[in-house]
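Working notes for the structure below.
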Amino acid sequence: TIFMKPKNSRCMSKSRYICALCLLLCSMAVSAQTYERVLRGNLWNDSQNITGVRQDTVSRSYVELFAGYEGGEFRDPSQARQGWSAGAVTSSIRHLEKMTLKGSFSFIQTEGYDMCGSMSIHPGFYPVDVLEFTPGRKTLQTYAFDGGISYDVAPNWRIGAMMDFEAANMAKRKDLRHDNWWLDMTVSPGIMYHSGDFAVGVNYVFRKTSETIKADQVGASESSYYAFLDKGMMYGVYAPWTGSGLHLHESGVNSFPVKDFSNGAALQMQYKGLFAEAEYLHTSGVIGEKEYIWFLFPGDAVNARIGYRHIGRKAQHYARLGFSWKGRELDENVLEKVTSNGVATVIQHGSNNIAMENTWTLSPEYEFVSDKVEILAYADVNMKEKMSSQMYPYIYTQSLLTWNAGLKALFHVGAFDLGADFGYGSGSVTEEDKTLTGASGVQTSPYRLQDWYDLQMAYTTAQRLGAGLSLRYNFWKGLYVEAAGSLLYGLDFPSPAGRYAATLKLGYNF
């Protein structure tokens with residue numbers, strides 16, 4: 001009985017192999033519960049109240065390296081004709097006895113070729129933009145991290161705070177060359193009361209964003225480099241980049257600085273699987289620095305979200321609906337530089353309201369999640385109403401409607417995850433020109449960069465079809481490798497054109 005017979009020994013060896021295979025399959029099944037799946041499974045994570053992260057109990061982390069390539073002619077005129085990116089990201093949610101920690105860090109480097117147009121890192125984010133027209137290479141580096149903590153201070157009370165930080169720098173090394181520095185920081189403390197199936201929370205939100213654009217030219221050139229200051233709807237100033245009307249090269253200011261500050265609050269409520277949130281933000285924005293304040297752009301925003309989660313025996317169902325409204329104005333200050341006794345001072349004589357904008361967004365979606373398949377159906381409808389009145393008595397209005405809808409599916413087949421998605425979108429734009437009655441004495445009308453505007457609107461409103469495929473192989477205890485590709489095809493831009501992308505990832509779920 002002490003020594004086994006050879007036949008029994010082979011049976012025991014087979015049993016060990018079977019057990020090892022079972023353990024490997026189990027580890028793969030655990031890794032299928034990815035960080036993103038855990039994050040989306042808790043409806044509180046759609047808000048900025050970090051206390052709600054403890055409404056879930058699953059801890060998950062991941063780290064990922066990735067590289068991608070993108071190219072094609074179906075693009076906004078400020079996008080790169082082709083480019084590549086590479087980076088790393090890690091995120092984690094960890095639940096402890098009385099507190100939960102959540103955080104992430106990422107770094108991305110992007111190289112874009114044949115780029116011109118907007119000099120901003122995020123075109124359209126601010127109401128004023130600067131454009132240049134010499135195609136060249138741009139290098140963008142983005143660093144981001146966020147961190148938050150939720151703590152149980154009493155049986156029914158939680159407090160917490162989170163910080164979201166992103167910094168980026170971009171450089172173009174071909175004249176008209178420029179350097180950019182971007183900052184986006186959000187701080188949000190919150191509190192929650194929970195009892196059984198009911199929970200209510202409130203949080204304060206502070207957000208600051210800023211960008212500084214510094215343009216330069218190396219050596220002398222036979223012709224001047226021109227730039228365009230877009231004050232809304234592509235009306236503005238077109239001149240040599242050193243012209244005073246562009247604010248890129250003015251005495252006393254060596255850059256084009258923009259910043260804004262937002263303050264607000266949000267209220268969340270949950271009963272069983274139903275979740276709702278309402279948020280309000282007020283923004284004060286400034287373009288310029290010190291006494292050289294060229295523009296002001298105050299604004300307000302309202303965001304509302306409602307979601308429902310149903311946990312069935314074999315599947316989970318999620319329904320989400322988001323609504324947002326954002327309104328802002330643009331005021332241009334009238335400044336005069338006066339020199340007295342060798343001392344230069346800047347006097348502000350007043351300001352003119354030259355633009356207004358209102359944006360409405362509606363985003364419904366439905367999600368189905370089971371052990372074998374995940375399906376997401378989504379749609380986005382965006383409506384923008386703009387008004388530009390840079391010169392009396394001319395008033396220009398614009399209504400821009402864009403929408404898109406799509407379907408994404410992810411199939412879990414053994415150690416493989418096969419993803420597919422399909423989408424369609426389109427848009428329309430209408431404009432009206434108005435002239436106030438009465439003699440104004442104005443002999444000229446506002447200048448518009450018409451050719452560039454036509455290209456931008458053609459891309460924004462074009463009918464588009466999108467499709468993508470991805471394949472992930474989970475090969476060992478949470479390690480995975482993934483390849484993905486996508487194609488976005490514009491049907492009428494102004495002739496058919498495509499945009500393609502490919503990505504390769506190596507990661508670890510734990």
Side-chain angles (χ1 to χ4, degrees), residues 36 40 46 68-83 85 110 112 115 117-118 120 122-125 129 232-234 301 303-307 318-326 357-368 374-386 397-410 419-431 452-470 484-503:
E36 182 180 1
R40 290 181 58 82
D46 293 332
Y69 178 84
E70 184 176 355
E73 294 303 319
F74 183 55
R75 59 189 178 95
D76 183 272
S78 293
Q79 275 186 285
R81 188 180 302 274
Q82 60 179 340
S85 61
T110 303
M115 293 187 69
S118 174
S120 299
H122 301 286
F125 185 85
D129 202 354
M233 295 175 57
M234 212 56 70
N303 301 300
R305 306 175 187 89
I306 185 169
Y318 299 87
R320 300 179 180 90
L321 178 63
F323 169 80
S324 65
W325 167 82
K326 183 177 181 179
E357 178 181 329
N358 288 288
T359 304
W360 295 268
T361 303
L362 187 67
S363 305
E365 65 178 43
Y366 166 74
E367 191 173 12
F368 171 87
E374 301 178 22
I375 298 175
L376 173 65
Y378 65 90
D380 291 290
V381 181
N382 187 281
M383 182 68 183
K384 287 187 178 182
E385 299 282 351
K386 294 184 178 182
T397 61
Q398 179 195 83
S399 296
L400 175 62
L401 173 66
T402 58
W403 65 272
N404 68 86
L407 185 68
K408 295 182 179 181
L410 183 64
D421 63 83
F422 174 81
Y424 175 79
S426 186
S428 62
V429 60
T430 58
E431 292 192 0
W452 197 272
Y453 172 79
D454 292 341
L455 284 173
Q456 194 176 67
M457 286 298 103
Y459 172 79
T460 303
T461 61
Q463 296 185 64
R464 61 195 68 201
L465 285 170
L469 288 173
S470 66
S486 65
L487 174 65
L488 183 63
Y489 193 74
L491 302 178
D492 52 357
F493 173 66
S495 59
R499 186 79 173 173
Y500 49 88
T503 306

Q | Residue list, side chain to side chain contact (heavy atoms under 4.5 Å, CB included) with Leu455, at least two apart or on another chain | A | Pro77

Q.
Tell me every residue that passes ring-ring contact (aromatic ring centres under 6.0 Å, His included) with Phe368, counting only those two or more places apart in sequence or in another chain.
A. His317

Q | Partners passing side-chain hydrogen bond (donor to acceptor under 3.5 Å, both in side chains) against Asp454 (at least two apart in sequence or in another chain) | A | Gln450

(Q) For Glu367, give me all partners under salt bridge (charged side-chain N to carboxylate O under 4.0 Å, His left out), at least two apart in sequence or on another chain. (A) Arg37, Arg40, Arg320

Q | For Phe125, all residues meeting ring-ring contact (aromatic ring centres under 6.0 Å, His included), sequence neighbours excluded | A | Trp182

Q | Thr461 to Ser426 - nearest heavy-atom pair and separation | A | O-OG, 3.8 Å

Q | Residues that Glu73 engages under side-chain hydrogen bond (donor to acceptor under 3.5 Å, both in side chains), provided they are two or more places apart | A | Arg81

Q) Which residues satisfy the side-chain hydrogen bond (donor to acceptor under 3.5 Å, both in side chains) test with Arg75, sequence neighbours excluded? A) none

**Q.** Residues Tyr318, Glu365; criterion side-chain hydrogen bond (donor to acceptor under 3.5 Å, both in side chains); working and verdict
**A.** CA-CA 8 Å; Tyr318 299 87; Glu365 65 178 43; over 6 Å; no

(Q) If you count every heavy atom of other residues, nucleotides or ligands that lies below 6.0 Å from Gln463 atom CD, does the total exceed 12? (A) yes

Q) Mind checking what makes ring-ring contact (aromatic ring centres under 6.0 Å, His included) contact with Tyr424, not counting sequence neighbours? A) Trp403

(Q) Using every non-hydrogen atom in the two residues, find where Asp129 and Gly124 come nearest and quote the distance to one decimal. (A) OD2-N, 4.2 Å

**Q.** Closest approach of Glu357 to Thr359 (non-hydrogen atoms, all atoms of both residues)
**A.** OE2-OG1, 3.5 Å

Q.
Tell me the closest heavy-atom pair linking Tyr378 and Phe422, and the distance in Å.
A. OH-O, 4.5 Å

Q: Could you note down all residue pairs passing side chain to side chain donor-acceptor pair (under 3.5 Å) where residues 487-502 supplies at least one of them, sequence neighbours left out?
A: Glu70-Arg499

Q | Shortest non-hydrogen contact from Val429 toward Met457 | A | CG2-SD, 4.1 Å

Q: Identify, with sequence neighbours excluded, every residue that meets ring-ring contact (aromatic ring centres under 6.0 Å, His included) alongside Phe74.
A: Tyr459, Phe493

Q: Identify the heavy atoms of Trp452 and Gly117 that sit nearest to each other, and give their distance.
A: CZ2-CA, 3.3 Å

Q) Looking at residues at least two apart in the chain, or sitting in another chain, which of them share a side chain to side chain contact (heavy atoms under 4.5 Å, CB included) with Ser486? A) Ala501

Q. Quick one: does Ser118's side chain have a donor or acceptor within less than 3.5 Å of a partner on Ser120's backbone?
A. yes

Q: Identify, with sequence neighbours excluded, every residue that meets side-chain hydrogen bond (donor to acceptor under 3.5 Å, both in side chains) alongside Asn382.
A: Thr361

(Q) I'd like to check Met383 versus Ser399 (side-chain heavy atoms, cut-off strictly below 4.5 Å). Are they in contact? (A) yes

